[in-house]
Amino acid sequence: MKNKIILHLPHASTELPKEFYNHKFLLSKEELSQFNLDITDLYTDELFNAEKYTHVKAKYSRIFCDVERFVKDYKEPMAKVGMGMIYSKDLKGETFIKTDKKYKKEVLKTYYRPYHKELTEVVKNELKGNTVVLIDCHSFSSKTIQCFAEVDYIPDICIGINDANKCNYKLITTVLYYFNELGYAVMINYPYSGSIVPNEIKEKRNKNFYSMMIEINKDLYLNNSNEKSEK
């Protein structure tokens with residue numbers, strides 16, 4: 001039995017589909033572009049060396065459709081601040097786009113569900129005779145965190161895990177040791193927690209599947225203009 005790694009990159013794209021622009025915007029083009037850059041996990045496909053591993057990457061920006069949010073708003077905590085599956089508010093809490101239920105249903109049908117079907121199929125295929133570790137690849141910044149929560153400390157690296165009783169402690173320890181040896185401050189489930197697991201895999205409780213989120217502080221690799229720094 002081999003060990004396989006799958007990289008999940010849900011927030012790495014800044015692209016927006018044509019249908020997104022068919023709506024009324026309450027921000028200027030410049031403001032919308034800045035919001036898109038601020039909320040995107042920029043360059044995470046490069047940081048995690050996606051070309052080297054099997055990976056699933058969202059085609060479009062999360063401000064069009066966030067594939068890691070729950071469909072039902074009552075299940076999704078971020079829907080309360082206008083950032084559920086379909087975003088309606090920016091980081092200032094101001095409405096930036098007007099959509100309707102018909103639009104949401106269309107996005108769900110043509111983009112969200114096909115995306116999750118692809119992710120599930122990739123995981124199922126890699127699980128055939130193998131142990132699979134899905135790395136949920138993200139980045140974060142103090143700018144975005146401060147918009148939603150009061151935090152006393154922001155680490156360099158955040159590792160997100162699900163039910164501690166079902167985690168692979170050897171894997172967690174290895175990742176912690178790796179980042180610590182590089183001199184980074186690491187915390188588990190802070191300021192973000194958990195890691196994505198496809199519903200079908202979750203229901204079958206496959207013992208050969210593990211999911212871990214790794215969030216990298218943007219201050220480590222971006223400057224104030226969201227460009228790659230020389231660090």
Please tell me if the side chains of [X] and [Y] come closer than 4.5 Å, counting only heavy atoms from C-beta onward.
{"X": "T44", "Y": "I216", "answer": "no"}
{"X": "V133", "Y": "F209", "answer": "no"}
{"X": "I161", "Y": "I159", "answer": "yes"}
{"X": "L47", "Y": "D41", "answer": "no"}
{"X": "L42", "Y": "T14", "answer": "yes"}
{"X": "I196", "Y": "H8", "answer": "yes"}
{"X": "L171", "Y": "V175", "answer": "yes"}

First locate atom [atom1] of [X], then atom [atom2] of [Y], and finally report the distance between them rounded to the nearest 0.5 Å.
{"X": "D219", "Y": "F140", "atom1": "CG", "atom2": "CZ", "answer": "8.5 Å"}
{"X": "K105", "Y": "I86", "atom1": "NZ", "atom2": "CD1", "answer": "13.0 Å"}
{"X": "C137", "Y": "I6", "atom1": "SG", "atom2": "CD1", "answer": "11.0 Å"}
{"X": "I157", "Y": "L220", "atom1": "CD1", "atom2": "CG", "answer": "6.0 Å"}
{"X": "L26", "Y": "T95", "atom1": "CG", "atom2": "OG1", "answer": "6.5 Å"}

Residues which pass side-chain contact (heavy atoms from CB on, under 4.5 Å) with [X], listed by chain and number, not counting sequence neighbours:
{"X": "K170", "value": "N168, T174"}
{"X": "I5", "value": "L7, Y53, I135"}
{"X": "L108", "value": "V71, M85, Y112, R113"}
{"X": "K218", "value": "S139, S141, Y221, L222"}

TODO: Name all residues meeting the salt bridge (Lys or Arg N to Asp or Glu O under 4.0 Å) criterion together with E31; count only those two or more places apart in sequence or in a different chain, and write none if there are none.
DONE: none
Task: Single-linkage hydrophobic cluster, 4.5 Å side-chain cutoff, L9 and V56 together - done: no
TODO: Examine Y177 and I188 and state if one hydrophobic cluster contains both, with Ile, Leu, Val, Met, Phe, Trp and Tyr joined whenever side-chain heavy atoms are less than 4.5 Å apart.
DONE: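 Y177 and I188: separate clusters.
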How would you list all residue pairs meeting salt bridge (Lys or Arg N to Asp or Glu O under 4.0 Å) that involve [range], not counting sequence neighbours?
{"range": "residues 49-59", "value": "D45-K57"}
{"range": "residues 129-143", "value": "D38-K143"}
{"range": "residues 64-92", "value": "R62-D66, D66-R69, D73-K104"}

Task: Derivation of the side chain to side chain contact (heavy atoms under 4.5 Å, CB included) call for K24 and I97 - done: CA-CA 6 Å; K24 180 180 179 180; I97 188 173; over 6 Å; no
Taking all heavy atoms of [X] and all of [Y], pick out the closest pair and write down the distance.
{"X": "F179", "Y": "V186", "value": "CB-CG2, 3.5 Å"}
{"X": "S13", "Y": "A58", "value": "CB-O, 3.5 Å"}
{"X": "N208", "Y": "L127", "value": "O-CD2, 3.5 Å"}
{"X": "P191", "Y": "I145", "value": "CG-CD1, 3.6 Å"}

Task: Listed once per pair and sorted, the ring-ring contact (aromatic ring centres under 6.0 Å, His included) pairs that draw on residues 64-85, sequence neighbours left out - done: Y60-F64, F64-Y111
- [ ] Would you list the pairs meeting ring-ring contact (aromatic ring centres under 6.0 Å, His included) in which at least one residue belongs to residues 9-48, sequence neighbours left out?
- [x] H11-H138, F20-F25, H23-Y103, F35-F96
TODO: Let me see the working for M83 and L91 under side chain to side chain contact (heavy atoms under 4.5 Å, CB included), right down to the final yes or no.
DONE: CA-CA 9 Å; M83 293 185 177; L91 292 172; 4.0 Å; yes
Open item on the list: Can you pull out every side chain to side chain donor-acceptor pair (under 3.5 Å) where at least one residue sits in residues 180-198? Sequence neighbours excluded, please.
Closed with: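 Residue pairs passing side chain to side chain donor-acceptor pair (under 3.5 Å), neighbours aside: S195-S211.
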So does [Y] get a backbone contact from the side chain of [X], meaning a donor-acceptor N/O pair under 3.5 Å?
{"X": "N130", "Y": "K4", "value": "no"}
{"X": "T110", "Y": "E106", "value": "yes"}
{"X": "T40", "Y": "L37", "value": "no"}

Got a list of side-chain donor-acceptor pairs under 3.5 Å for residues 116-123, not counting sequence neighbours?
| unit_1 | atom_1 | unit_2 | atom_2 | d |
| --- | --- | --- | --- | --- |
| H116 | NE2 | V67 | O | 2.6 |
| T120 | OG1 | H116 | O | 2.9 |

